[in-house]
Amino acid sequence: MSNPAPVEFPVNELIQNRWSPRAFSDKPVPQEVLRSLFEAARWAPSSSNEQPWAYIVATKDDAENFEKSLGALVEFNANWAKKELAFAKNNAPNRNAQYDVGAASLQLSIEATARGLVVHQMAGFDPETAREAYDIPQGWEPIAAMAIGYPGDAASLPEPLQSREKAPRSRKRIREFVMSGQWGHTAEFVK
Ligand SMILES: Cc1cc2nc3c(=O)[nH]c(=O)nc-3n(C[C@H](O)[C@H](O)[C@H](O)COP(=O)(O)O)c2cc1C
């Protein structure tokens with residue numbers, strides 16, 4: 001199952017094909033693939049090269065750890081995110097940290113796409129539950145969870161998730177967010 005972005009202007013196929021499905025296959029992600037995903041995150045740009053990210057990974061074959069991760073997700077997400085899970089953290093005093101964590105996680109997602117995997121990021125989890133479960137020190141803030149795995153069959157999902165999986169993907173037009181000269185003035189080249 002794929003759901004390529006209906007782009008208005010041409011983009012690299014990895015950008016077009018990256019998406020956030022909820023159906024995952026049971027196929028485990030080999031350790032060498034996981035290593036490459038985090039190698040991709042490692043090479044993300046960050047403010048002053050501080051690299052203010054850390055990921056706690058729970059693979060499904062590590063049942064105790066995996067249950068701990070699922071326990072931090074809000075119920076909606078815990079119901080579908082049943083594959084590899086990773087929590088990204090940021091180092092709070094760095095005001096660019098969230099931006100940098102996002103960049104690292106997107107690089108991971110693009111590498112995953114190139115390798116035929118899918119990644120679904122989630123804000124729907126309880127940071128304090130994650131902090132307690134993993135003894136995350138103060139100064140590190142849980143930012144996002146992500147489900148990582150091979151794509152599955154949309155038919156395995158209950159409704160309404162199944163329909164959402166098949167719905168066309170949508171975005172604002174670029175003319176709504178590309179400005180020039182002054183806030184609110186759409187750049188000529190995108191009109
Ligand atoms: C920071 C962040 C948090 C998200 N949180 C959730 C979430 O809690 N649950 C969920 O089902 N999807 C979540 N998503 C997925 C978005 O809904 C999804 O990326 C968006 O609808 C665009 O779809 P696409 O990634 O397939 O292009 C999150 C994505 C990001 C980047």
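Each ligand, and each atom within it, is numbered from 1 in the order the structure gives.
Ion pairing between a basic and an acidic side chain is recognised when a charged N comes within 4.0 Å of a carboxylate O; Glu128 and Arg131 show such pairing. Note on Arg35 versus Glu39: no salt bridge recorded, every NZ/NE/NH1/NH2 to OD/OE distance being 4.0 Å or above.
Among protein residues, Arg18, Trp19, Ser20, Arg22, Phe76, Asn77, Trp80, His120, Gln121, Met122, Ala123, Gly124, Arg169, Arg171 come within 4.0 Å of ligand 1, judged on heavy atoms.
Leu117 approaches Pro151 most closely through the heavy-atom pair CA-CD, 4.5 Å.
Residues Asn49 and Gln51 bring a donor and an acceptor atom of their side chains to less than 3.5 Å of each other. Checked by atom type, the side-chain pair Tyr134/Ser69 shows a donor-acceptor distance below 3.5 Å.
The aromatic ring centres of Tyr150 and Phe24 sit 6.0 Å or more apart.
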